[in-house]
Amino acid sequence: MITLNTDHLRGFVSSEDIKNIFPAVKSAHEDLHFHKGKGDEFTGWLNLPSSIPDDFLNGLQSLANQVGKDCDCLVSIGIGGSYLGIRATVEFLGGSTKIPIYYAGHNISSDYLYGLLETIKDKRVGVVVISKSGTTTEPAIAFRAVKKLLESRWSLEELKKRIICVTDEKKGALRQIATKYGYRSFVIPDDVGGRFSVLTPVGLVPLALAGVDVKSLVEGARGAQEEYKQMDLDKNSCYRYAAIRNILYRKGKKIEVVSSFYPQVYYVAEWFKQLFGESEGKSGKGIFPSSMIFSTDLHSMGQQMQDGERNIFETFISVDRPEHDLTVPHDTDDLDGFNYVAGKSFDFVNKKAYEATSAAHFEGGVPNMTISLCKADAFHLGHLFYFFEKAVAISGYVLGVNPFDQPGVEAYKKKMFALLGKK
């Protein structure tokens, strides 16, 4: 399903390094599984995949069929963990959904929102608004604007069919709105933080409505939950990845670049950056997560990667079998000199570019490893989501931080609210 290749860590990570870090990984495993670690109240994601009832997933499918009859597009309103996992899944699966899905509430750009409202103003719109509190600035004011548009076209009874709220079970502004207007609602579990929430109703509801196979997504995560629960660095690639990150960090590799030769990984990497940045970046510590999509970024950042300061390591995400492949055509004139690859598949060329790049970066002083997925489908993405969630929990505990809080994100909000005149 998912494999971890560490060939390009030779000379950077030794068996002795793995042996030395093993006690810290074992301690992190016990903190997580025996509920001894900091932030334990937010570890509901740990056994989440196996606890999702099949009846719930079947119900989402029935709801999706109903929404598909009433709506010809969907607007998903949310930010951070209430946005990135959804978009990562849709884009990873090719961006094509049964009904078009648009996004709002992930920025405060008036031009962006104006363009969205113009796009949907004559469409039969369905809305999923996602917020634990209902008071996060970006989704709250975007929902106001979208709701105003819908209210100008439909009655309250009709809006009850079109607006779905995903929020806290009992409290918060969005819960109050859902109750007052009778909107259909789903609950965000109290013990799952936003960046870990893609397999809760936060992600599953909008994805199901858009036509994603959420059963396969969950099934992939269930497999990962089972595979990565053993405390064995030789067999548990998730724990091995977490250990390697910390070994490299201790040796001065402060930046992790997630790279891929598959453009559909772009938003998966964006999701990764929130997951790891928000989980580890605290107390003056943390590996800085970044990302690149090759071969595009080789033509802009390749020089930096090859010859820049050696404070980085790289994690490639690869796909063994693409959904579609094409063959490089033969050209009679061969003026560009590329007939030597005629008849070969584009994916073959792409993989050779990856092999060359990973080898060159390694030789240039950038240790790298590769996470390979068999296919770019919902099942393997669900597996990958859980792989990274488990890895960051272990990695954060090894680093010595609470991987489940985010005290620093409130600093800018306090200043912004003051500047806006909030009392």
Side-chain angles (χ1 to χ4, degrees), residues 52-79 82-83 85-87 89-90 96-106 113 115-136 138-189 197-198 200-215 217:
I52 299 171
D54 288 335
D55 287 348
F56 173 72
L57 298 175
N58 292 333
L60 287 183
Q61 184 58 60
S62 298
L63 178 60
N65 293 337
Q66 176 189 331
V67 170
K69 294 176 183 177
D70 295 330
C71 306
D72 48 30
C73 73
L74 182 69
V75 178
S76 180
I77 301 176
I79 196 168
S82 301
Y83 158 68
I86 301 160
R87 190 156 193 178
T89 302
V90 170
S96 178
T97 51
K98 288 185 178 179
I99 60 174
I101 182 168
Y102 302 100
Y103 304 95
H106 58 295
L113 187 58
L116 173 66
L117 296 175
E118 283 293 300
T119 298
I120 67 173
K121 67 180 181 181
D122 297 321
K123 299 182 182 295
R124 299 183 304 147
V125 183
V127 174
V128 181
V129 55
I130 308 159
S131 177
K132 181 74 170 174
S133 66
T135 57
T136 303
E138 295 89 341
I141 60 178
F143 182 44
R144 282 193 175 199
V146 173
K147 185 158 73 78
K148 181 180 178 181
L149 173 66
L150 269 60
E151 288 171 340
S152 70
R153 298 181 58 194
W154 291 297
S155 67
L156 176 58
E157 287 304 310
E158 184 66 21
L159 292 183
K160 290 179 182 179
K161 302 177 184 177
R162 298 185 175 278
I163 296 177
I164 297 173
C165 301
V166 183
T167 188
D168 190 89
E169 182 177 15
K170 298 177 180 178
K171 62 183 185 296
L174 188 55
R175 170 53 60 193
Q176 293 179 32
I177 292 171
T179 301
K180 178 177 180 178
Y181 294 104
Y183 299 146
R184 184 185 285 110
S185 65
F186 292 86
V187 173
I188 301 174
S197 66
V198 66
T200 73
V202 167
L204 297 179
V205 171
L207 289 172
L209 299 188
V212 170
D213 184 357
V214 293
K215 285 187 177 181
L217 189 74

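Numbering of residues begins at 1 and proceeds along the displayed sequence. All figures in this text were calculated on a predicted structure; none of them were measured in a lab.
Atom CG of L159 is separated from atom CG of L150 by 5.5 Å, given to the nearest 0.5 angstrom. K180 contributes atom NZ, which lies 9.0 Å from atom CD1 of I177 (distance to the nearest 0.5 angstrom). Taken from CG in L209 to CG in L60, the straight-line distance is 7.5 Å, to the nearest 0.5 Å. The CG atom of L174 sits 9.5 Å away from the CG atom of D168 when rounded to the nearest 0.5 Å. Here the OH-OG distance, from Y102 to S76, works out to 13.5 Å after rounding to the nearest 0.5 Å. Residue K161 holds its NZ atom at 6.0 Å from CG of D70, rounded to the nearest 0.5 Å.
Shown here for P100 and D72, the closest heavy-atom pair between the two residues is CD-O, 3.2 Å. Here the shortest heavy-atom pairing between E169 and R175 reads O-NE, 3.2 Å. Pairing each heavy atom of G85 with each of T89, the nearest pair is O-OG1, 2.8 Å. Between I130 and V202 the shortest heavy-atom distance is CD1-O, 3.5 Å. Across P206 and I86, no two heavy atoms sit closer than the pair CG-CD1, 3.6 Å. When all heavy atoms of I77 and A142 are compared, the closest pair comes out as CG2-CB, 4.3 Å.
Counting heavy atoms from C-beta on, the side chains of K215 and D54 never come closer than 4.5 Å. Taking the side chain as every heavy atom from C-beta outward, L217 and L204 approach each other to under 4.5 Å. Using a 4.5 Å heavy-atom threshold, the side chains of F143 and I163 count as touching. Side-chain contact between P139 and Y83: absent, with no pair of heavy atoms (C-beta onward) separated by less than 4.5 Å.
Between the side chain of S155 and the backbone N or O of E158 there is at least one donor-acceptor pair closer than 3.5 Å. Judged purely by atom type and a 3.5 angstrom limit, T167 uses its side chain to pair as donor or acceptor with the backbone of K132. The closest donor-acceptor contact from the side chain of T179 to the backbone of Q176 lies at 3.5 Å or more, if one exists at all. At distances below 3.5 Å, at least one donor-acceptor pair connects side-chain atoms of R124 with backbone N or O atoms of K69. Looking at R162, its side chain never comes within 3.5 Å of a backbone N or O of C71 through a donor-acceptor pair.
For the pair K147 and Y183, the cation does not sit on the ring face, since its NZ or CZ is not both under 6.0 Å from the ring centre and inside 45° of the axis.
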I would like to know whether L113 and I141 meet side-chain contact (heavy atoms from CB on, under 4.5 Å); could you show each step before the answer? CA-CA 10 Å; L113 187 58; I141 60 178; over 6 Å; no
Under the side-chain contact (heavy atoms from CB on, under 4.5 Å) rule, what do H106 and R87 come out as? Steps first, then yes or no, please. CA-CA 11 Å; H106 58 295; R87 190 156 193 178; 4.2 Å; yes
Candidate pair L63 and Q66, rule side-chain contact (heavy atoms from CB on, under 4.5 Å), full reasoning: CA-CA 5 Å; L63 178 60; Q66 176 189 331; 4.3 Å; yes
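Applying the salt bridge (Lys or Arg N to Asp or Glu O under 4.0 Å) test to K123 and every residue at least two apart in sequence or in another chain returns nothing.
For Y181, the OH atom sits in a loose shell: 12 or fewer heavy atoms of surrounding residues, nucleotides or ligands are nearer than 6.0 Å. Within a 6.0 Å radius of NZ in K160, more than 12 heavy atoms belonging to other residues, nucleotides or ligands are found.
Salt bridge K121/E118: present, at least one basic N to carboxylate O contact under 4.0 Å.
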